[in-house]
A.B. asks: 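The structure is given below, and queries will be raised subsequently.
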Amino acid sequence: MSKVLEKCVYTQLRDYYQYWNYLTPDQSGFRPNHSTTTALLKVCNDIQAGMEQGNLTGAIFLDFAKAFDTVDHGILLEKLKNSGIGDRTLTWFQSYVSDRSQYVSISGSSSLPLPVTCVVPQGSILGPLLFTIFINDLPNVCKASTVHMYADDTVIYTSKPNLPQLEAVLQEQFTEVEKWIKNNKLFLNTDKTVTMLFGTAPKLHKLQNPHLCVGTKSNGTLTTVTSLKYLGMWLDPNLSFGPHIEKLSTKLYPKLGALYRNKSCLSPAVRKQIVQQMLMPAIDYGDVVYAAAPQTHLHKLTTLYNSFCRFALQCNYMTHHCDMLKELNWPSLESRRTLHLSSLVFKSISGKLPPYLNRLLPPAAPSSYNLRSRTSTLLAIPQYKKTVARSSFSYRAPQLWNNLPDIIKSSPSLQSLKSSLLTYLNTECTCKHVT
C-alpha cells in the first residue's frame with residue numbers, strides 16, 4: 001500500500017511542477033522524454049557550435065559525494081514550501097522523510113539502529129523527484145555559463161575566444177557553485193571534479209599550455225583531463241569520439257571471444273538473440289551522438305559488427321557482410337544510425353523530445369519549401385562551415401530528415417516510420433563481391 005500511495009503523491013507532485021513549468025529545463029534526469037542521450041546531444045551540440053565560432057569551450061564536471069545520501073530534510077522542505085506546496089502537504093512530506101532509521105546486518109548479526117537525519121529514501125518512488133527539486137536551483141547561480149544536469153551528474157560549461165577569458169568566467173562560476181554547495185549542505189569531491197578544454201585541433205594546437213586553471217576554496221586546483229566518461233560516453237577535446245569507439249571495441253571483443261569459446265552450447269537462435277540483446281545495445285547507445293565521427297573510427301565498429309554477424313551465423317571469414325546481413329535480416333550500422341536519428345526528429349516534431357532539443361530543429365522558412373515537399377515538414381539547416389560543426393545534431397538531423405521521401409516523413413506513428421524507413425534503407429548491396 002505504501003508504494004501505491006507514493007505513486008499517487010508522485011503523480012500529483014510531478015503534474016503540479018509540469019503545469020507551473022517549475023523544474024529547470026537543464027535537468028534531464030527522471031523526466032519523461034528525457035534521457036542520457038538527449039543530454040549528451042545538448043552538451044555536445046553546444047560545444048560544436050562554439051567550435052564553429054572559433055571559440056574554446058571549457059567545462060567543469062562536478063562530482064557530488066553521495067549526493068542522494070546528503071540531502072538535508074530541512075532544506076528540502078523549505079524548497080518545497082518556496083515552490084508553492086501548502087502547509088498540509090508539507091506536513092505529509094515532513095512525516096514521509098522523518099522518523100526513519102537504518103542498521104547494518106551481516107551474517108545474522110545486526111547493529112543498533114541509527115536515526116536518518118538526511119537522505120531521500122533509497123529505492124523509493126518519490127526519492128528521485130525530491131532530489132531533482134532539491135538541486136533545481138543550482139543553474140540559477142551560473143548566470144554566465146550553461147549548466148546541464150542528469151540527476152547529480154552536472155557539467156558547467158561556457159565558450160570564449162581565448163583561454164584567459166575562459167578561465168576567468170569558469171573560476172567565477174565555480175566559486176558561486178561552491179557557495180551553493182555549502183549553503184545546501186552538500187559535499188563536492190574535488191579529487192574527482194575535473195575540467196576539460198574543447199576546441200578544434202588547430203585552435204588547441206596554438207595553445208602553449210592547453211589546460212584550464214580553476215581553483216577551489218581549499219586553495220587547490222581542479223585537474224584538467226584530456227578524455228572523460230560522461231553519461232556513458234567518452235569525450236575528447238575535439239569531439240572526434242575516437243577514444244569512445246576505441247574503448248567500446250576493447251570492451252566488446254573479449255565478450256565476443258568468450259562467446260566463441262562456448263559456441264557449441266548455443267543454438268543459432270540463441271546466438272542471434274545474444275548479439276541483439278547483450279552486444280548491440282552497447283554499440284547503439286549514443287550512436288546518434290558519435291554518428292558523424294571520422295570513417296577511420298566508425299570502420300572499427302563496422303568490423304566489430306561483422307564479427308557479431310559471423311558469430312551468429314557461424315560462417316567463415318570470407319563470407320561478405322552484405323550476405324550475412326541479408327540472411328540475418330539486420331540493417332547495417334549506418335542504417336541503424338539513420339533509423340535512430342530519424343526517430344529522434346520524428347519525436348521532436350511530435351513534441352516528445354526535451355525543449356532544449358526541439359529548439360535545435362526549427363522548421364524551414366516557407367520560401368525554402370520546394371513544390372514536391374509541401375506535404376511534409378522541412379527543417380532549417382544552419383549555415384555551418386566547419387566540419388566539426390556539421391557533425392552536430394542541429395546540422396545532421398535536419399539534413400537527414402529533409403532528404404527522406406515524403407511518404408516516410410508523413411508516417412502516422414513512430415512505429416510506422418521505423419518500418420517504412422527500414423524498407424527504404426534495405427536496398428540491394430552495391431559492393432563488388434562474389435556471392
Side-chain angles (χ1 to χ4, degrees), residues 11 14 18 28-42 45 231-233 269-292 301-302 305 308-309 312 322 324-364 372-381 393-394 396-429:
T11 302
R14 180 202 62 196
Q18 285 182 349
S28 293
F30 315 119
R31 302 181 72 176
N33 301 326
H34 293 64
S35 68
T36 53
T37 298
T38 63
L40 280 164
L41 283 171
K42 168 66 165 60
N45 197 93
L231 299 181
M233 178 162 288
V270 170
R271 289 197 301 270
K272 185 176 179 180
Q273 190 173 11
I274 286 175
V275 171
Q276 289 178 311
Q277 297 185 5
M278 292 181 60
L279 301 179
M280 286 310 301
I283 291 182
D284 287 341
Y285 176 73
D287 61 354
V288 292
V289 182
Y290 70 73
L301 292 182
T302 302
Y305 186 44
F308 291 170
C309 295
C322 293
M324 293 189 294
L325 293 176
K326 185 175 181 180
E327 184 171 348
L328 290 166
N329 195 28
W330 289 354
S332 66
L333 281 188
E334 184 177 358
S335 295
R336 293 175 78 97
R337 292 190 287 265
T338 299
L339 178 65
H340 297 155
L341 188 57
S342 302
S343 298
L344 280 178
V345 178
F346 185 87
K347 288 180 180 179
S348 175
I349 295 173
S350 305
K352 294 182 179 179
L353 274 190
Y356 57 73
L357 286 189
N358 290 333
R359 287 193 294 270
L360 299 177
L361 302 176
R372 292 186 304 153
S373 299
R374 289 186 182 276
T375 58
S376 62
T377 302
L378 284 179
L379 302 176
I381 302 175
F393 174 76
S394 59
R396 291 184 294 110
Q399 185 183 54
L400 170 65
W401 181 260
N402 291 353
N403 289 329
L404 291 178
D406 284 355
I407 191 171
I408 293 178
K409 291 186 286 187
S410 303
S411 299
S413 66
L414 181 60
Q415 190 58 44
S416 174
L417 175 97
K418 290 180 178 180
S419 178
S420 302
L421 194 54
L422 280 174
T423 302
Y424 171 72
L425 295 172
N426 190 22
T427 55
E428 290 295 325
C429 176

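Along the sequence shown, the residues carry numbers beginning at 1. All values reported here derive from a predicted model rather than from experimental measurement.
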A.B. asks: For Q276, look at atom CD and say whether over 12 heavy atoms of other residues, nucleotides or ligands are found less than 6.0 Å away.
C.D. replies: yes
A.B. asks: For the residue pair S411 and L417, what are the closest heavy atoms and their distance?
C.D. replies: OG-CA, 3.4 Å
A.B. asks: Go through I407 and Y424 one step at a time and tell me if the side-chain contact (heavy atoms from CB on, under 4.5 Å) criterion holds.
C.D. replies: CA-CA 11 Å; I407 191 171; Y424 171 72; over 6 Å; no
A.B. asks: Suppose we screen for side chain to side chain donor-acceptor pair (under 3.5 Å). Which residues come up paired with K42, at least two apart in sequence or across chains?
C.D. replies: D46, Y157
A.B. asks: Could you give the distance from CG (D287) to OG1 (T338), rounded to the nearest 0.5 Å?
C.D. replies: 9.5 Å
A.B. asks: How long is the span from the CG atom in L357 to the OG atom in S35, to the nearest 0.5 Å?
C.D. replies: 8.5 Å
A.B. asks: Any side-chain heavy atom of H34 sitting closer than 4.5 Å to one from Y356?
C.D. replies: yes
A.B. asks: Taking the side chain as C-beta and beyond, is there a heavy-atom pair between Y305 and L325 under 4.5 Å?
C.D. replies: yes
A.B. asks: Step by step, work out the side-chain contact (heavy atoms from CB on, under 4.5 Å) result for R336 and D284.
C.D. replies: CA-CA 8 Å; R336 293 175 78 97; D284 287 341; 2.6 Å; yes
A.B. asks: Nearest 0.5 angstrom please: K418 NZ to L425 CG, how far?
C.D. replies: 13.5 Å
A.B. asks: Nearest heavy-atom pair of A397 and L361: which atoms, and what distance?
C.D. replies: CB-CD2, 3.8 Å
A.B. asks: Has the side chain of N358 got a donor or acceptor atom that lies under 3.5 Å from a matching backbone atom of G351?
C.D. replies: no
A.B. asks: Can you tell me how the ring of F346 sits relative to the ring of W401, calling it parallel under 30°, perpendicular over 60° and tilted otherwise?
C.D. replies: tilted
A.B. asks: Measure the spacing between OG of S342 and CG of N403 and express it to the nearest 0.5 Å.
C.D. replies: 10.5 Å
A.B. asks: Looking only at heavy atoms, what is the nearest atom pair of A292 and R396, with distance?
C.D. replies: CB-CD, 3.4 Å
A.B. asks: Return the set of residues passing side chain to side chain donor-acceptor pair (under 3.5 Å) with T37 (not counting sequence neighbours), or none when no residue passes.
C.D. replies: none
A.B. asks: Ignoring hydrogens, what is the shortest heavy-atom contact between Y285 and M233? Give both atom names and the distance.
C.D. replies: O-CE, 4.2 Å
A.B. asks: If you measure from OG on S419 to CG on L414, what distance do you get to the nearest 0.5 Å?
C.D. replies: 11.0 Å
A.B. asks: Look at atom CD of E334 and say whether more than 12 heavy atoms of other residues, nucleotides or ligands are closer to it than 6.0 Å.
C.D. replies: no
A.B. asks: Look up atom OG in S335 and atom CG in L422, then write down how far apart they are to the nearest 0.5 Å.
C.D. replies: 8.0 Å
A.B. asks: Do F30 and R14 have side chains that get closer than 4.5 Å, going by heavy atoms?
C.D. replies: no
A.B. asks: Using a 4.5 Å cut-off on heavy atoms from C-beta on, say whether the side chain of L344 contacts that of L41.
C.D. replies: yes
A.B. asks: Kindly determine whether S413 and S416 satisfy side-chain hydrogen bond (donor to acceptor under 3.5 Å, both in side chains), including the steps that lead there.
C.D. replies: CA-CA 5 Å; S413 66; S416 174; 4.6 Å; no
A.B. asks: Please tell me if the side chains of L333 and I283 come closer than 4.5 Å, counting only heavy atoms from C-beta onward.
C.D. replies: yes
A.B. asks: Can a donor-acceptor pair be found, under 3.5 Å and without considering hydrogens, that links the side chain of S343 to the backbone of L339?
C.D. replies: yes
A.B. asks: Considering all heavy atoms of both residues, which atom of K409 and which atom of L404 are nearest to each other, and what is their separation?
C.D. replies: CE-O, 3.2 Å
